[in-house]
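On a predicted model such as this, the values are computed, not experimentally measured, just so you know. Chain identifiers are assigned alphabetically (A, B, ...) following the order of the sequence lines, protein sequences preceding nucleic acid strands; residue numbering begins at 1 within each chain.
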There are 2 protein chains.
Amino acid sequence: MAGEDRAEGFEKSGDLDFPRPLTTVDVVIFSIRGDQLQVLLVRRPAGEDEPFPQALALPGGFVDVVKDRDLAACAARKLKEKTGVTAPYLEQLGSWGSASRDPRGWSATHAYFALIPEEAGALTPDARWFPIQGGRLKEKLAFDHSDILASAIQRLRNKVEYTSLPAYLMPAEFTLPDLQRVYEIVLDRPLEKSAFRTRILSADMIEPVAKMRRGPNRPAQLYRLKKNSKPVYFVRTFNPPE
Amino acid sequence: MAGEDRAEGFEKSGDLDFPRPLTTVDVVIFSIRGDQLQVLLVRRPAGEDEPFPQALALPGGFVDVVKDRDLAACAARKLKEKTGVTAPYLEQLGSWGSASRDPRGWSATHAYFALIPEEAGALTPDARWFPIQGGRLKEKLAFDHSDILASAIQRLRNKVEYTSLPAYLMPAEFTLPDLQRVYEIVLDRPLEKSAFRTRILSADMIEPVAKMRRGPNRPAQLYRLKKNSKPVYFVRTFNPPE
DNA sequence: CATAGTTAGTTGTACAGTCCAACTTACTTA
DNA sequence: TAAGTAAGTTGGACTGTACAACTAACTATG
């Protein structure tokens, strides 16, 4: 068997004739919809030789060595295919690889993590939004996608404590209370209003537009993200509960 | 695994009959040696069909689908092979994959990041320590390993601002000024003594041992890491310069 | 044996930013 | 006109860092 004589020393030769793991990319796509954090999932195809037929899964699939220049391009392609948008925020989450995660053999997936605003895009028919409740998803997922999603949620929550990431979940124009609400949804705890405003406004990441949001009470100033605004890293977290 | 017949990554079985990228794992191993942050590099083999012959590179290599249960195990194996130690700290850094990074074809590497104390282990003869100076390595590396290393340095510096990671670079027993020195080496800036002590001591991660470090001046209290001490995340960064 | 030198470790004042709570402002609706 | 609500501001208490001066414990030197 090809794998055996390679097992001791691939490194010492240019011979590439040994078994290769399967290589995939999966994307965890978050959005805020109806005052909840939601994640985009697809239903896997039915079929005899499909792993996890009909199960829910993260959007993703095999790297296409012809189409995909690199991993990020592959992730962006899969995101675009499912949602029709190019995400304002796409970062790598990590990779998961083992002999057992895919019944078809040793496989490794490169997981990405995207934030998109509610308004964005037209979904493909097989994709749907599912709410994250109490920091977790109710549904079971195919492969080790539940682990990947849990890791993505943890990373998101963690980063929201000290970055401006939620700005990428906002529509083009939003108010400060809107933004605070998104922080609170992701962190699942209330934040202090005046400290929140001070922090965001001094971060130089948003700018007021010459309009107010009008409603049944006092109008609120509308803001937009500044052009080319990279995520801001605060030097403190929001003070954690306890 | 499925097929016996493999050539250039084509797996001839069912719907998996398409080219697969090469899959490797690389490890960025940091240590403090002689008051400098250093990284462990190996020299690549010579040979006609070797990519980057004789070049310096991160320790790593192909995933072995027989030996390696998962990616972390593969990384731990490579670390052990090169240094003889099991690192007190090993985390995933990210993955790099593209059509162009390896002349042998589409390849993806899963990069890990390890911290080990100076005292540790016996190196293999092909491995050597190289200093990081001014936040960068002087030497050029094979593949895209310079990018991976730069990313590792950035991640390390960033995390050192708000975590207890440097504790994993310390010998079994150390003093608070020792630890502060390591923080300062990694961050390449001085930290304030009293704030540093307050922060570390209130983090409940180290405990005094009943000994003092004696020297030509006032003895210093020796400490050790508490058992099973996970990295601590502080709620503030050390106050950044400017 | 006294004193200078060095590093460990503490203390005190200033300051920045959050926490908490009360307050003012601007609007709608009854 | 008054009540209700959400936006936005203000002020005092508190926490932890910045900065700087201080004390403590040791060695080396003359």
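Look at CG on A:L191: it is 14 Å from C1' on C:dC20, rounded to the nearest Å. Nucleotide C:dA8 holds its P atom 14 Å from the CD atom of B:E192, rounded to whole Å. Straight-line distance from the CZ atom of A:F238 to the C1' atom of C:dC20: 17 Å, rounded to whole Å. Taking atom NZ on B:K193 and atom P on C:dG12, their separation rounds to 16 Å, with Å as the unit. Rounded to whole Å, the distance from CG on A:L179 to C1' on D:dA6 is 17 Å.
Geometric assessment of B:R199 against the ring of B:F238 yields a positive cation-pi assignment under the 6.0 Å and 45° thresholds.
Of the two residues contacting DNA chain C, namely B:D178 and B:R236, the nearest-nucleotide position lying further toward the 5' end is that of B:D178.
Among residues at least two apart or in separate chains, salt bridge (Lys or Arg N to Asp or Glu O under 4.0 Å) pairs with a member in residues 125-141 of chain A are A:K82-A:D126. For residues 146-156 of chain A, the pairs satisfying side chain to side chain donor-acceptor pair (under 3.5 Å) are A:E91-A:R155, with sequence neighbours left out. Applying the salt bridge (Lys or Arg N to Asp or Glu O under 4.0 Å) rule to pairs touching residues 109-125 of chain A yields nothing, sequence neighbours excluded.
Evaluation of the side chain to side chain donor-acceptor pair (under 3.5 Å) rule for B:Y223 yields no partner, not counting sequence neighbours. Shown here are the salt bridge (Lys or Arg N to Asp or Glu O under 4.0 Å) partners of B:D204, two or more places apart in sequence or in another chain: B:K226. By the side chain to side chain donor-acceptor pair (under 3.5 Å) test, B:S107 is found to be paired with B:R101, residues two or more places apart in sequence or in another chain being considered. The salt bridge (Lys or Arg N to Asp or Glu O under 4.0 Å) test applied to A:K193 returns no partner, not counting sequence neighbours. Under the salt bridge (Lys or Arg N to Asp or Glu O under 4.0 Å) criterion, B:D68 pairs with B:R77, not counting sequence neighbours.
Of the residues in residues 194-203 of chain A, those lying under 4.0 Å from DNA chain C by heavy-atom distance are A:S194, A:A195, A:R199. Taken residue by residue, residues 211-222 of chain A places heavy atoms nearer than 4.0 Å to DNA chain D at A:P216, A:N217, A:R218, A:P219, A:A220, A:Q221.
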Quiz: residues 176-185 of chain B side-chain donor-acceptor pairs under 3.5 angstrom, not counting sequence neighbours:
unit_1 : atom_1 : unit_2 : atom_2 : d
B:D178 : OD1    : B:T175 : OG1    : 3.3
B:D178 : OD1    : B:R181 : NH2    : 3.2
B:D178 : OD2    : B:T175 : N      : 3.1
B:D178 : OD2    : B:T175 : OG1    : 3.2
B:D178 : OD2    : B:R213 : NH1    : 3.1
B:D178 : OD2    : B:R213 : NH2    : 3.1
B:Q180 : NE2    : B:E184 : OE2    : 3.2
B:Q180 : NE2    : B:L191 : O      : 3.0
B:Y183 : OH     : B:T163 : O      : 2.7
B:E184 : OE2    : B:L191 : N      : 2.9

side-chain hydrogen bond (donor to acceptor under 3.5 Å, both in side chains), that's the test. Do B:Q92 and A:S95 meet it? Break it down for me. CA-CA 8 Å; B:Q92 201 180 60; A:S95 54; 2.8 Å; yes
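The overall bend of the helix from C:dC1-D:dG30 to C:dA30-D:dT1, read as the angle between its terminal helix axes built from five base pairs each, is 20° when rounded to 10 degrees.
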